Structure formats: structure tokens, C-alpha cells
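Quick caveat, the model's predicted, so the values are computed rather than measured. In the text below, chain A, chain B and the rest are named by the order of the sequence lines, each starting its count at 1.
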Amino acid sequence: MSFRKPNVLPGFGLTFGFTIFFLSAIVLLPLAALVLAAASMHWSEFVAMVSSPRALGSYRLSFGASALAASINAVFGFVIAWTLVRYEFPGRRLIDALIDMPFALPTAVSGIALTTVFAQHGWIGRYLEPLGIKVAYTWLGVTLALTLISMPFAVRAMQPALLEVQHDLEEAAETLGAGRFYAFRRIILPTVLPALLTGFTLAFARAVGEYGSVIFIAGNLPMKTEITPLLIVIHLEQFDYRGAAALGVVMLLMSFVVLLAINLLQAWNRRRHARAAH
Amino acid sequence: MAGRLPVAAALAVLQGDAATRPGQNTWLSALVRWLFIATSLAFLAALLIAPLVTVFAMALERGFEAYLVSFADPDTQAAIRLTLITAAVVVPINIVFGLAAAWAIAKFEFRGKSMLITLIDLPLAVSPVISGMVFVLLFGLHGWFGVWLQRHDISVIFALPGIMLATMFVTFPYVARELIPLMQQLGNDEEEAAITLGAGGWMTFFKVTLPKIRWGLLYGVILSNARAMGEFGAVSVVSGHIRGLTTTMPLQIEILYNEYNFVGAFAVASLLTLLAVVTLEVKTLVERTGYRGR
Amino acid sequence: MSITLDQVTKHYGGVPVVNDVSLDIGDGEFFVLLGPSGSGKSTLLRAIAGLTGVDYGRISLHGRDVTEVAARKRGVGLVFQNYALFRHMTVADNIEFALRVRHMRASHRRERRRELLRLVALEGMDDRLPAQLSGGQQQRVAVARALAHKPEVLLLDEPFGALDAKIREELRRTIREVQRELGITTVLVTHDQEEAFAMADRLGIMNLGRLLEAGVPHELYSRPATRFVATFLGAANLFLARNGAEGIHVGAATIASHEHSPQPREHEVVAVVRPEEVVVAATPAELGSRFVAQGVVDEMVFAGALERLRLRLEDGSAAPLLATADAAATPYLEVTRTQPEQRAFELHPGQSVAIGVRRVHVLPTPLSSFTACAASSAAAETLARQPLLAELAARMKTRIGIRPEPQLGASAAGPEESAPFVGATVISCEPQAAQRAEWLLRHGANEVLVLPAQATVPQRVLIHWMDEAVRPATLAVSESVLRHVPAEAEYVGTLSREVAQELARRLSEAPGQMLIVGVSDLARFAERFSPLLDGGRWPVLVVHRAPS
């Protein structure tokens with residue numbers, strides 16, 4: 001079998017060649033440079049770099065806060081997606097459009113705005129302060145920033161899945177004697193589950209790498225409120241390229257694991273659909 | 001719009017119609033509905049709307065005049081200029097790449113296609129800090145080509161080329177991602193018709209393909225532009241933060257904010273926020289023109 | 001000739017989707033390619049247009065070999081199933097596209113456009129966008145656009161697929177009128193036989209990538225050569241009849257058909273009886289000599305001008321008359337009656353009737369049915385369930401008989417006078433298969449299929465004949481087999497070494513192969529063919545004709 005199926009449309013060589021060239025020059029070669037830089041280190045040196053107490057502390061915050069943010073988004077993302085798909089209310093279209101805001105808004109803007117709102121004297125921060133809840137400059141703030149920037153990924157992953165749960169499916173369940181919550185648990189939730197997991201994973205992936213919005217609200221205390229990307233920047237600013245590359249490889253591996261998880265989830269979803277079609 | 005139907009059905013049930021159905025717990029439906037809407041609105045208000053309003057409230061805290069004055073700062077003006085230049089270079093390159101990648105991927109069947117799509121999406125999965133760092137490793141003072149570049153007196157890192165490279169890395173997938181599914185959905189029929197009518201490759205592309213994907217392309221370009229102008233992490237790593245020289249708008253926001261010049265910081269932020277609003281507006285418009293359907 | 005196809009072959013993923021198609025289409029002819037979906041007809045049309053390349057064979061347009069010519073330089077007009085109008089261009093721009101490409105002057109373009117819009121009855125629609133037109137109007141624009149550059153050939157790919165019945169009718173008439181007026185050679189692809197009859201000067205029927213038959217519609221309808229064409233072009237009852245000295249025996253009837261050539265030895269044939277050629281009466285006497293069997297009315301459906309009947313053959317022994325793959329299923333006879341016929345003899349479900357036939361057509365196919373033959377009836381029944389045999393019978397819409405033969409393969413001559421062997425005799429691949437095959441061939445079997453238990457539908461069929469005397473028979477049987485499997489044929493020429501060994505070697509080279517071999521000389525058959533047949537892993541069909 002040949003590499004490509006024949007087709008009368010011209011331009012495959014040109015466009016394919018350009019795509020590969022540009023992709024290699026801008027993305028693949030630079031990423032390879034990162035991996036090579038880490039690979040040129042001695043194994044023990046690499047391990048020491050990536051398992052220093054400060055690095056471990058940053059992983060705890062980065063991965064922990066990202067997982068928490070993705071979980072929050074799985075729950076609230078579901079509620080929001082459900083609301084947008086199922087209910088009509090004034091301003092629904094506006095809200096629907098606003099969901100993409102964190103995606104279009106520069107992270108630095110999100111960062112300073114969120115910090116201002118949740119600071120001690122901010123619009124919301126001032127009501128939390130008496131309750132003993134400190135958001136800005138704590139891990140809570142980090143989680144909040146990550147929740148904001150990863151929110152669209154969770155909502156947008158679930159919306160089409162909820163649209164697909166045809167209402168007549170529920171009605172059918174109802175005519176068969178199912179109660180409303182039973183129908184929700186047995187019909188809607190299983191149908192939406194792959195999308196929910198995909199949404200969680202996408203949100204997590206986006207959150208782990210986030211830098212711009214977090215550094216404003218985090219406080220950036222080593223071991224406490226220092227995320228891994230910031231630690232990389234600190235290494236770079238001290239011209240410690242090897243340390244930065246080592247941490248970079250750890251994060252890159254994390255990205256690959258997440259990408260793999262997303263692909264597996266989507267394959268799983270497709271299989272479920274394929275089976276349902278038969 | 002296949003999706004509208006179930007929504008309409010759901011609405012009919014959850015609103016007035018519910019009363020006509022025997023045995024339906026109307027007040028429970030209403031309660032659930034109210035609870036869902038209230039939760040969604042509260043969540044979005046705290047996390048999204050409050051910060052958005054804050055941007056403009058803080059920018060205008062000292063009045064409109066102070067807001068305008070903050071743009072008179074030469075460093076801020078330089079940052080705006082640098083951002084515009086970067087976008088002006090990066091976005092056209094992204095358009096060419098996006099069109100080429102979408103043509104190759106959507107119009108042809110070849111082995112390793114899904115692998116190629118994954119690779120194009122790769123920058124979205126990589127932390128922006130890493131996106132910037134890879135160029136530091138290549139072109140930085142202690143990087144692979146650092147010595148060579150220094151000998152030839154070429155600066156990439158802490159200079160305009162580095163900023164452009166990092167921005168390109170980050171914004172690289174957007175046009176292609178928007179066009180690939182669109183072109184796949186529109187199919188090859190019209191192009192094949194053009195060819196049987198005697199048109200050549202370029203003619204087919206410019207007269208047939210380009211007009212039918214123009215709305216999708218527009219959104220891809222606007223989105224790619226918004227990301228290019230707003231990128232912080234990757235640019236921050238390669239820029240060196242030289243005031244008035246290698247500081248883009250997001251970096252200028254950081255500098256002003258850290259100097260407690262809140263009005264100045266939020267004034268610049270308000271420009272980028274407006275850009276984001278315009279981007280979303282274009283997206284909504286493009287979706288409403290129904291470019292995805294026939 | 002306007003369009004000449006010579007052995008055109010096209011594969012997708014190793015499967016031939018267009019398989020060895022040769023065809024001549026004359027100047028100004030309206031040719032319809034008819035076939036079920038997946039039969040390769042659209043691929044063939046795209047190959048003529050140049051949108052799909054071919055793996056083998058040549059395509060000529062007006063004597064010019066265009067096999068390697070790009071689509072844009074072939075000068076054909078193609079109308080797509082989904083119109084494929086340029087959605088962002090007006091009707092005028094769509095139609096003028098081909099003229100712009102050719103740098104025609106604006107005034108000439110305008111003139112040509114007016115002419116075309118008049119032709120398809122869309123005057124004044126110039127400035128509409130495709131989205132503002134109805135489906136039928138869009139397709140008219142597509143036709144006008146395809147004709148703009150005065151192509152030598154017009155190709156239409158299921159152009160009415162997305163339209164409702166009334167508009168379809170109207171558009172058919174328009175296209176036929178336009179075609180007559182311009183005298184342009186036209187090829188239309190469809191899966192709708194009514195449409196094919198309505199439009200075609202000549203008709204070609206495709207199945208499994210092969211062009212089975214081509215001809216004038218009424219010829220193909222009344223005298224099909226293959227089972228597929230007989231059943232695809234309208235309804236048909238397939239009978240297993242016997243062709244003998246006095247005529248064709250269908251059940252109790254003997255019909256002297258003008259196609260009948262007196263046969264010295266009676267043999268089984270497949271006879272086609274159209275539903276309108278079946279007659280029913282209260283008693284056999286009323287039918288006269290045409291009486292076939294007794295039947296019961298199973299179902300009656302009012303269908304406007306005609307009445308559709310489904311009859312069950314009552315007599316148990318008459319059931320094998322009808323060719324069906326599934327022996328267990330009750331075979332039904334389809335009958336249509338006109339209003340006068342209905343008034344003359346009124347029927348009700350459950351009524352017992354005498355069934356007769358007015359006219360039969362005998363298919364020239366050499367493979368009528370299969371008979372699974374083994375030493376015990378249990379073994380024969382197991383053999384009848386073999387996957388390849390079951391598949392072949394299903395595709396051929398024919399029957400698998402069971403025949404226990406305790407003497408099978410015995411070297412000592414048993415009682416000589418047994419019932420004649422009908423159809424192709426099937427035996428399983430066993431150590432003594434060659435010996436058994438020889439026994440069967442010597443006892444009057446014309447075709448013997450030796451089947452391994454695991455054999456499935458082949459991808460390639462090797463064909464070889466031992467001498468010229470059996471060549472026509474071998475080719476006829478091969479064609480019949482190849483019509484029902486999407487396989488490639490490979491003719492194995494003169495072999496240098498010992499024939500059986502050489503054939504066995506070729507068969508062992510790749511899985512999924514089958515062999516059809518013609519023999520006339522049975523001397524030392526078992527010995528010669530032992531390496532090929534005894535315990536082989538491939539199906540072999542032996543065709544035997546005694547030299548005349």
C-alpha cells in the first residue's frame with residue numbers, strides 16, 4: 001500500500017512538505033533540543049535536579065492545584081453546560097459566549113484582575129477575610145486562577161455530549177417507568193461520562209502548564225506557593241539551563257501522558273458510539 | 001442546528017407545558033432549574049464577570065483623563081508598538097501554515113495523518129514557559145548556538161526574533177485547527193467540479209476553496225492574533241524585560257503592576273480585554289452566519 | 001466510438017472495485033450504468049472523468065487515449081450527486097466558471113450562459129445564489145454548468161438521488177431533451193432500474209465491480225444472460241429446469257422455447273420466469289400443457305394497475321423447482337396479474353390454484369445448482385454447510401442438494417445406472433479426493449468442486465485448461481463463478497513442468513486463491529491430480545467435457 005491514496009486535487013507535495021518543514025522548524029526541533037539538553041546530563045544529576053525538595057514542593061502545588069481545579073470544573077462545568085443546553089433564560093447567549101473569555105483573554109490580565117478581586121480589600125476578598133479565608137497569595141488563589149483559565153475546556157467538552165442526550169431518550173426511560181433521578185443516573189450520566197473525563201483531562205492539561213495568571217496571585221514563596229513553571233523561569237534567570245531543562249522534561253512528559261489519556265478517552269468514546277450504532 | 005430540538009423540547013417540558021403532563025412534579029422541576037441557573041451564574045459572576053469588570057473599574061479609577069494619560073508613557077507606547085509588529089509578522093505566517101496544513105490534511109488521505117494532527121496540536125499541550133525555554137536553550141548565551149550567534153553579533157534571545165519565535169510556537173496551531181475540521185466537513189466535491197470544468201490547482205484554491213472557508217479562516221486569524229498579542233509566559237522567558245525595547249503589552253502590564261501603577265497596568269489590560277471581547281464577538285458572528293452548515 | 005473502456009481495473013485496499021470492465025459507447029448515445037450501491041459504477045464514472053486513476057486498462061474519448069490525461073484537460077462535463085455548486089457564486093458565475101477558466105470574452109460568456117439557462121428552463125435566475133434555489137433548480141444549474149464548455153461527454157452521477165419523485169420525473173425529461181437536442185454522448189449512473197429504463201438508449205449492469213451485461217433495455221429484460229441481471233432488472237422467478245430433447249421441462253410442463261436447442265443428454269438449467277408470465281387457473285386442465293405445479297395463494301397485494309400475488313408451491317416435490325439458497329425456507333413464486341386477468345378469475349388467500357407459465361427464458365449459465373456429495377448423508381449435510389459453498393449458493397440464489405453416494409470413489413464398478421448428477425457436484429478435500437473426483441467425472445458429473453473445510457470466498461481465481469477442447473466450457477464456468485465473487489481472474493498459460501505440481505505451487509503462494517481447471521482426458525486422472533486435490537488447502541473446481 002502506498003503512503004497516500006491517489007486523488008486528483010493538486011498540491012499535496014507542496015502543502016505537506018511545507019507543513020512538515022514548518023512544524024519541524026518551529027515546534028519539533030526546539031522541543032528535541034530540550035530533550036537533548038536533559039539527556040546530556042548525567043542520570044544522577046538529573047534525578048537530583050528533579051527531586052530536590054523545592055522541585056517536589058512545586059510539583060505538589062502544580063499538580064495538586066491543577067487536579068483540584070479540574071475537579072471543580074468537572075462539577076461546575078457540568079452544571080454550566082447543563083444550564084446552557086437545557087434552560088432558556090435571559091442572557092443565556094451572552095453567558096454562552098462569555099465561557100470562551102478565559103481562552104481569549106491574556107493570562108496576565110486574568111492574573112492581575114483576579115488578584116485584585118480576591119485581595120484582602122478586593123470586591124470578594126473583603127467578604128472572605130472575616131471568615132478567615134485567605135485567597136490571594138495562598139494555594140487557594142493558585143487553584144482559583146487555574147480554575148478560571150481551564151474552565152472553557154471543561155464546559156466546551158461537555159456541551160455537545162449533553163446536546164446529544166436526546167430528550168426523547170429520557171422520555172423513553174420515563175414511559176418505561178423510570179423516575180427522574182434514576183433516568184439521570186442511568187441514562188444521562190453514563191452517556192456524558194466520556195465527555196466529563198475528557199473535560200477534566202483537558203482542564204488539567206491546561207492548568208498544569210499555566211504561568212501568567214498564577215504568578216500574580218500566588219505569592220511565589222518557595223515550597224509553599226511556587227508552581228513548577230515558575231521554578232523553571234527562576235532557573236533560567238540564573239542561567240541554570242540544565243536545571244530548567246530537567247524540570248521542563250518532567251513537565252513535557254506530563255503533557256504527553258495527558259495527551260495520551262485524551263486520545264485513549266476519545267477512542268473509548270468512539271468505540272462506545274460505534275457499538276451503540278450497531 | 002440539530003441541537004436546538006432537544007433544547008426546545010426540554011424547555012417545553014420544564015416551563016409551562018409541565019402542567020399538562022400528569023404526575024409531573026412541577027415545583028421540583030422549577031426548583032432544579034432555578035438551582036442550576038443560580039449556581040452557574042454565581043460561579044461565573046465570581047470567577048469571570050467580577051475580574052472583567054475590575055479591569056475597567058481599575059483602569060478608570062482615577063477618571064478618564066488619568067486613563068488616557070497612562071497611554072502617553074513612552075514605554076507603554078513602545079510595548080504596544082512591539083506587540084503590533086510581532087502580530088503583524090506572526091499572524092500572516094500562521095495563515096500560510098494553517099492553509100497549507102489544512103489543505104494537506106483535509107483533502108488527502110495518507111498514512112500518519114492523525115499523528116500529524118496531534119503534532120500540530122502539541123504547542124497547546126506544552127506549558128508556555130517551556131515554549132519560551134526551548135528557544136533559550138537553542139539561542140541563549142549558554143545555548144547551543146549561543147556562541148556562534150554572539151560571534152556574528154546576532155541577538156535572538158532578549159530581542160525581537162526570540163519574541164517572534166516564541167509567539168509563533170504558541171500560536172502556531174490555531175488557524176490550522178479551525179480550518180481542518182471545516183474543510184473536512186465541506187468535502188472535495190466543489191474542488192473536483194472545478195477541476196472537471198478545467199480549472200488548475202491555484203485557480204481552484206483561490207476561486208473555490210478560499211471563498212467557502214473564509215469565515216472559518218477569519219475566526220482562526222482573529223483567535224491566533226488574540227493569542228499572539230496576549231501571550232505572556234513564553235514571551236516573558238525570551239524577552240529579558242528590557243523596558244521600551246523588548247517589552248510587549250502583557251509584559252508591560254506586569255512591570256506596571258509590580259510598580260503599583262495600577263491605573264497604568266489596568267489601562268493596558270483594558271486594551272487587551274477589548275481585543276478579547278472583539279475576538280469573541282467575531283466568533284459569535286461567524287457561528288451565527290452558519291459557516292459550518294451548508 | 002465516443003467512449004471506449006478497455007479492461008479498466010481499479011483497486012481500493014487490494015479489493016477490485018472496478019474489475020476488468022470493457023465497454024464501447026457510441027456517439028450521441030445515452031448510456032446508463034445501473035447497479036446496487038458498492039457495485040463500482042460511480043468509481044467507473046469518476047475514472048472516465050479523470051477524478052480517479054485506474055490501475056490497469058485504457059480509457060479513450062473520441063479515439064483519444066485519455067488514461068493519463070488530467071481531469072481538467074479531458075473535456076468532460078460531470079454532474080455530481082450533491083450538485084457541488086460553488087455555494088458562494090451566483091448561478092451566472094457558476095455556469096460561466098468553465099468559460100472564465102478558458103479566458104472566454106465576457107460577451108461570449110453571457111451569450112452562452114443565456115443559451116444554457118434557456119436549455120434547462122431557468123431563465124432569469126442568473127443572480128441567485130445556490131442556497132436560494134430548490135434542489136431541482138440547483139441540479140439544473142449543475143447540468144448547465146457541466147455543459148458550458150461544450151464537453152464531448154456528459155457524465156451524471158446519481159443526479160436525482162436527493163430529489164423527490166415529482167421533480168425527479170421532470171428533471172429526467174429535461175435532461176433527456178437536452179441530451180437529444182445537443183446530441184451529446186451521456187453516461188448516467190443510477191441504482192434505480194425504473195430510472196434506467198426511462199432514460200437509457202443502452203444499459204450496462206454492474207455488480208461487484210464487474211460489468212455483467214450491456215444492451216438495449218428490453219433485450220436485457222427479456223433475455224438476460226445472468227442471474228443477477230435477471231433478478232436486478234425487475235422481479236424474476238428462477239426455476240431449476242431440465243433441458244431435454246423435447247424442450248424445457250419446468251415441473252410438469254414441457255415448453256418448447258425458441259431458445260431451446262435439442263440436447264442429446266438431459267441436463268439442468270436455470271430458467272427465468274417473469275411474474276407477468278405466470279398464469280393461474282382453477283384446474284390444470286384449464287391451463288393446458290403449460291401446467292407446472294399446484295400452488296396456494298399465500299398473499300395478495302393491491303398495487304394499482306397490477307395485483308401482486310405470492311404463491312406457495314403446494315406439492316412437496318415441486319419445491320426444489322424454485323432456486324433458493326436456503327433449502328429450509330419455503331420457496332415462493334411471485335406473480336403479477338392485470339385487471340382483466342383479475343376479473344376473469346378472482347382469487348382469495350388460501351385458495352388452491354393450478355400454476356402455469358407462458359414463457360420461460362433459459363440462462364446460458366453453466367452452473368445451475370450445487371449437489372453436496374459424500375459417502376453418508378450426514379457427511380453430505382455437513383459439507384452443504386461449508387462457508388464458501390453456502391456463500392456461493394446464496395450469491396447465485398441457487399440450491400444445494402444433498403446426495404449420499406456410498407460407492408463414492410470405489411475402484412470396483414458399482415451398479416452403473418444411478419440418477420444423473422445435476423449441477424456442480426461438491427466433495428470435500430480428503431486424502432482420496434482425486435480418486436473420488438475421477439469416479440464422479442466418470443459417472444457423468446460435468447463439474448466437480450473439491451472444497452477444503454475452511455475455504456472462504458477467494459480473492460483471486462486461477463484458471464487453466466488442459467487442452468483446447470474444454471476451453472469454452474472452462475471459460476463459461478469461470479465467468480459464472482467470477483460474477484459472484486469480487487475476485488481477480490488470472491489465466492495460467494502453458495505450464496512447463498508437471499501441471500498439477502505447478503498449479504499446487506502457485507496456489508500455495510498466497511492464501512485466498514481458488515483454481516478452476518478444465519480437463520477432457522480422464523486417463524490416470526486420480527494419479528495425475530493427487531498432488532492438487534488430495535488434502536489440498538484450496539478450493540478446486542474441475543470442469544470436464546469429453547472431446548467431441
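For A/Phe12 and B/Phe110, the ring centers sit closer than 6.0 Å to each other.
Annotation: side chain of A/Phe256 is in contact with side chain of B/Leu122 (closest heavy-atom distance under 4.5 Å). For the pair B/Thr54 and A/Leu114, the minimum side-chain heavy-atom distance is 4.5 Å or more. Side-chain contact check for B/Phe43 versus A/Thr147: some heavy-atom pair is nearer than 4.5 Å. Annotation: side chain of A/Ser213 is not in contact with side chain of B/Phe232 (no heavy-atom distance under 4.5 Å). In this structure, the side chains of A/Phe22 and B/Ile93 come closer than 4.5 Å at one or more pairs of heavy atoms. Here the side chains of B/Phe266 and A/Thr116 are in contact, with some heavy-atom distance below 4.5 Å. Side-chain contact between A/Leu23 and B/Leu116 is present, with at least one heavy-atom pair separated by less than 4.5 Å. Using a 4.5 Å heavy-atom threshold, the side chains of A/Leu98 and B/Leu44 count as separate.
Most heavy-atom pairs under 4.5 Å with chain A: of the set B/Ala226, B/Ala46, B/Ala102, this distinction falls to B/Ala46. Of the listed residues (B/Leu138, B/Val126, B/Leu35, B/Ile37), the one with the most heavy-atom contacts under 4.5 Å to chain A is B/Ile37.
For A/Ala37 against B/Leu137, the heavy-atom pair with the smallest separation is CB-CD1, 4.1 Å.
To the nearest 0.5 Å, atom CG of residue A/Leu105 and atom CG of residue B/Leu275 are 9.5 Å apart. For the atom pair B/Arg227 CZ and A/Thr107 OG1, the distance stands at 7.5 Å (nearest 0.5 Å). Interatomic distance, CE of A/Met101 versus OG1 of B/Thr279, reported as 8.5 Å (0.5 Å rounding). With values rounded to the nearest 0.5 angstrom, B/Ile105 atom CD1 is found 6.5 Å from A/Thr19 atom OG1.
Under a cutoff of 6.0 Å and an axis angle of 45°, B/Arg33 and A/Phe89 do not form a cation-pi pair.
With a 4.5 Å cut-off on non-hydrogen atoms, B/Leu280 touches chain A through its side chain but not through its backbone. Only the side chain of B/Ala57 comes within contact range of chain A, judged by heavy atoms closer than 4.5 Å. Contacts of B/Leu47 with chain A are made by both backbone and side-chain atoms, with heavy-atom separations under 4.5 Å. Residue B/Thr273 touches chain A through both its backbone and its side chain, counting heavy-atom pairs closer than 4.5 Å. Only the side chain of B/Ile49 comes within contact range of chain A, with at least one heavy atom under 4.5 Å from a heavy atom of that chain. Interface residue B/Phe172: only side-chain heavy atoms are found under 4.5 Å from chain A. When heavy atoms are compared at a cutoff of 4.5 Å, B/Leu272 approaches chain A by way of both its backbone and its side chain.
The backbone N or O of A/Thr83 lies less than 3.5 Å from no partner atom in the side chain of B/Ser40, so there is not a single donor-acceptor pair.
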For residues 127-136 of chain B, which side-chain donor-acceptor pairs fall under 3.5 Å, sequence neighbours excluded?
{"unit_1": "B/Ser127", "atom_1": "OG", "unit_2": "A/Gly209", "atom_2": "O", "d": "2.6"}
{"unit_1": "B/Ser127", "atom_1": "OG", "unit_2": "B/Val129", "atom_2": "N", "d": "3.4"}
{"unit_1": "B/Ser131", "atom_1": "OG", "unit_2": "B/Ser127", "atom_2": "O", "d": "3.1"}

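Looking at residues two or more places apart in sequence or on another chain, you find a salt bridge (charged side-chain N to carboxylate O under 4.0 Å, His left out) between A/Asp100 and A/Arg156, B/Lys283.
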